[in-house]
Trainee: 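My questions will all concern the structure given below.
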Protein chains: 4
Amino acid sequence: MPDSTRRNERSRRAILDAALELAGVLGYQKLTIEAVAARAGVGKQTIYRWWPSKGAVLFDALLARTQDTEDGLPDTGDLAADLKTVLRATVTEFADPAFAGPIRALTVELAQDPELAEQYQQRLDRPMRELKKARLRAAQDAGELRADADLDVLADLLFTPVAQRWLLRTGPLTPEYADAVVDHALHGQLTDNR
Amino acid sequence: MPDSTRRNERSRRAILDAALELAGVLGYQKLTIEAVAARAGVGKQTIYRWWPSKGAVLFDALLARTQDTEDGLPDTGDLAADLKTVLRATVTEFADPAFAGPIRALTVELAQDPELAEQYQQRLDRPMRELKKARLRAAQDAGELRADADLDVLADLLFTPVAQRWLLRTGPLTPEYADAVVDHALHGQLTDNR
Amino acid sequence: MPDSTRRNERSRRAILDAALELAGVLGYQKLTIEAVAARAGVGKQTIYRWWPSKGAVLFDALLARTQDTEDGLPDTGDLAADLKTVLRATVTEFADPAFAGPIRALTVELAQDPELAEQYQQRLDRPMRELKKARLRAAQDAGELRADADLDVLADLLFTPVAQRWLLRTGPLTPEYADAVVDHALHGQLTDNR
Amino acid sequence: MPDSTRRNERSRRAILDAALELAGVLGYQKLTIEAVAARAGVGKQTIYRWWPSKGAVLFDALLARTQDTEDGLPDTGDLAADLKTVLRATVTEFADPAFAGPIRALTVELAQDPELAEQYQQRLDRPMRELKKARLRAAQDAGELRADADLDVLADLLFTPVAQRWLLRTGPLTPEYADAVVDHALHGQLTDNR
DNA sequence: GCCTAACCGAGACGGTACGTCTCGTCTTTAC
DNA sequence: GTAAAGACGAGACGTACCGTCTCGGTTAGGC
């Protein structure tokens, strides 16, 4: 059983960096442990010693990258505008293969590895979801949003369409689409809503 | 170049059946062409002759299975109720590994293979989307839904949250969740919506 | 179970040749299946499919090489001279690393793998021993050699000293040593032997 | 560079004992430095600090074991009987895996490591050879053995057949074989010897 | 109703990557 | 201050599949 106090930090960083870089360039299929080890200048065993799977490495790599950006959503007082800002930024990020590649690779892993998905939910999805809900709750408190809205459901309505369209390429991913999602999610579509 | 008139229909069926069955049992990772060929009692070359990739086999297998169920969405005159019926059915189907396994496997493939994703969009996603939009347009014509609603966006709002939650296991997939998604998507959440 | 009728003869030869060559250059320790496969331009599985171990490959390689040289020992009517000729030839062969390297490697394997040793005994040692005994028996029939000599023991006396000295480098391996072995083995050393 | 005055005698003994024991149980292939260190309760570095190779450890271990038994060959005045006594004892010892295992392991090493073989020759083979030659010289002095016999060659004739048969398992290793070797080596086989 | 070309099951082939094991070196921890 | 413990870079192990390539043996039209 490995003793984490003896862990070589230099190797750990090299592995995570190599994993991110290769995931961006090669995609998930062609991302191999061998290639990560070679690129990182590390023995394969050093990867297997500390991570149970290729997905876990990717997960840690992405976790390390996003550690810093836990800023919370913007709050200008205009919920729709703030959400559009965030979603448009997401659309822009997803257009960059170096950024989106590793995320796509990890997503593929999550879909196949329930245990990793559980980790993901706890350490990445839940915190990000809380940030989103915090912004929505602020809008609720400001009377901008209905008091009876289920913020979890609303967050899904706002963020899953863009994620899904990106993941499965079911349509063009444009800023206009992001705006439309926000508008439709917030304004409702039944005629008796007015 | 293979001559499709000489194609052995028995082998084709055996391959598609084996692919579906193994995808349900093993998941995508362990679904191999070798295993499909062995299970189907078929030479590997017979698979490679007719399909370009593992994903393409799965795609055809699922296509064959869903060919029959192109019925259109129910229309009782109550849009919300009809949508809940459909989404609740989806939730139920996704709970059955034999059904959901192959779809999960295919989804994983789609996320990695843009060419296959294009095929998917044209031959499965678009037709299904048209059925959804047809039902929504009927509601629009009936004055139940706003005339200025973008039906594509609305369809995404209604169907991607459930699909995403199922794919990435980001939360419990229950009938209540399905209902809540429909309610929130249709009724809007801004307070000045009333 | 592999079907030997489908075996690729070109690959088989390439593997045996590569094994012999590498065994001569690298010695047994550094002789790896990976290197043999690479040198032979062959997949590793092609080796594992047909041979159970590294030693078995070497064995077949040496077997193929010595297949042709089953000529029998020379018989000029002078036993001692003939034996000296043979042993001096052995000494010369053992001095060539390209020849002796693979034999050394195989010998190391034989010492550790009783099953391979059994194969060796049946397919290489025994036939060679019979050739030796045939020559000795001819000498016996000619009245040159005692009728009560145990030819197996005598063969060991004649051939193991050179083999052992070569294998363990316990002394210089010279033609003179070969001659001395033959003389001492044949003439006896007790004074009442005259 | 290790300072031998600081050497931990307890560790040294534990390593040698562990090496002997494991060589007897596992054979040479599976005898690893890791296993020796673990069995001896010692860090690997402690082995690498003091010995250059696995073979050197084994060598020292066997050296320590045989240090005591430097008694010389028996001398009852009957050379053949004394030699048979010794060779029969050797046959008996070789039948005990706990005894023969380590020797086989070392022999395998010697065949592959000329430097170790040189050490072996000087520190084990030569002394033992001198003991044998001393007994033979005594027989020579007693007029029992020819004055012109080359004692080195004769010693090889007497001792290598048994060693070779044991090492390569080319035949059954029995007391009778030992006797026959002695008889044939001493009495000569040419008919004009009488 | 035969001929012959394609498809078929089978599986060997050259490869790549897997996850494990051991090597010999280097580093940390605890006594 | 010395060693145990063990992490490290390296690389071979034997296995699993990849996608391609022969093999004979059926099939199923075209003549």
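By convention in this document, chain letters (A, B, ...) are assigned in the order of the sequence lines, proteins followed by strands, and residues within each chain are numbered from 1.
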Trainee: Side chain to side chain donor-acceptor pair (under 3.5 Å), that's the test. Do A:E115 and A:Q119 meet it? Break it down for me.
Mentor: CA-CA 7 Å; A:E115 199 168 325; A:Q119 289 251 325; over 6 Å; no
Trainee: Output all residues satisfying side chain to side chain contact (heavy atoms under 4.5 Å, CB included) with A:R6, sequence neighbours left out; order by chain, then residue number.
Mentor: A:D3
Trainee: By the salt bridge (Lys or Arg N to Asp or Glu O under 4.0 Å) test, which pairs, at least two apart or in different chains, include something from residues 15-25 of chain B?
Mentor: B:R13-B:D17, B:E21-B:R39
Trainee: I want to check one thing: is the phosphate of E:dC7, taken as OP1 and OP2, less than 4.0 Å away from some side-chain N or O of B:S11?
Mentor: no
Trainee: To the nearest Å, give me how far apart CZ (B:R12) and P (E:dG9) are.
Mentor: 14 Å
Trainee: Can you list, in residue-number order, the parts of residues 45-55 of chain C that come under 4.0 Å of DNA chain F, counting heavy atoms only?
Mentor: C:Q45, C:Y48
Trainee: Near DNA chain F, counting only heavy atoms under 4.0 Å, which residues of residues 25-44 of chain C show up?
Mentor: C:T32, C:I33, C:E34, C:K44
Trainee: Are D:Q112 and C:Y28 close enough that a side-chain donor and a side-chain acceptor fall under 3.5 Å?
Mentor: no
Trainee: To the nearest 0.5 Å, what is the distance between OG on A:S53 and CD1 on A:I33?
Mentor: 7.5 Å
Trainee: Among all residues two or more places apart in sequence or in another chain, which pass the salt bridge (charged side-chain N to carboxylate O under 4.0 Å, His left out) test with C:E34?
Mentor: C:K44
Trainee: Rounded to the nearest Å, what distance is computed from the CZ atom of residue A:R7 to the P atom of nucleotide F:dG9?
Mentor: 11 Å
Trainee: Which residues pass the side chain to side chain contact (heavy atoms under 4.5 Å, CB included) test with C:R7, sequence neighbours left out?
Mentor: C:R12, C:W50, C:W51
Trainee: With D:A61, which residues qualify under side chain to side chain contact (heavy atoms under 4.5 Å, CB included), at least two apart?
Mentor: D:L16, D:L20
Trainee: Between protein and nucleotides 25-31 of chain F, map the contacts as a letter string: B base, S sugar-phosphate only, - none, heavy atoms under 4.0 Å, written 5' to 3'.
Mentor: -------
Trainee: Using a cut-off of 6.0 Å, state whether more than 12 heavy atoms not belonging to A:R49 lie near its atom CZ.
Mentor: yes
Trainee: Give the residues of residues 111-119 of chain B touching DNA chain F, defined as any heavy atom closer than 4.0 Å, sorted by residue number.
Mentor: none
Trainee: Give a yes or no answer on whether the side chain of C:R104 reaches the backbone of D:A111 with a donor-acceptor pair at less than 3.5 Å.
Mentor: yes
Trainee: For A:D60, check salt bridge (charged side-chain N to carboxylate O under 4.0 Å, His left out) against everything at least two apart and list the hits.
Mentor: none
Trainee: Please report the interatomic distance CG(D:L167) to CG(C:L110), rounded to the nearest 0.5 Å.
Mentor: 9.0 Å
Trainee: Do we get B:R65 above B:F99's six-membered ring, with its NZ or CZ under 6.0 Å from the centre and within 45° of the axis?
Mentor: yes
Trainee: Could you report the tightest heavy-atom contact between B:L62 and B:L106, atom names first, then the distance?
Mentor: CD1-CD2, 3.5 Å
Trainee: Who pairs with C:D113 by salt bridge (charged side-chain N to carboxylate O under 4.0 Å, His left out), at least two apart in sequence or on another chain?
Mentor: none
Trainee: Angle, rounded to 10°, between the helical axes spanning five pairs at each terminus of the helix from E:dG1-F:dC31 to E:dC31-F:dG1?
Mentor: 20°
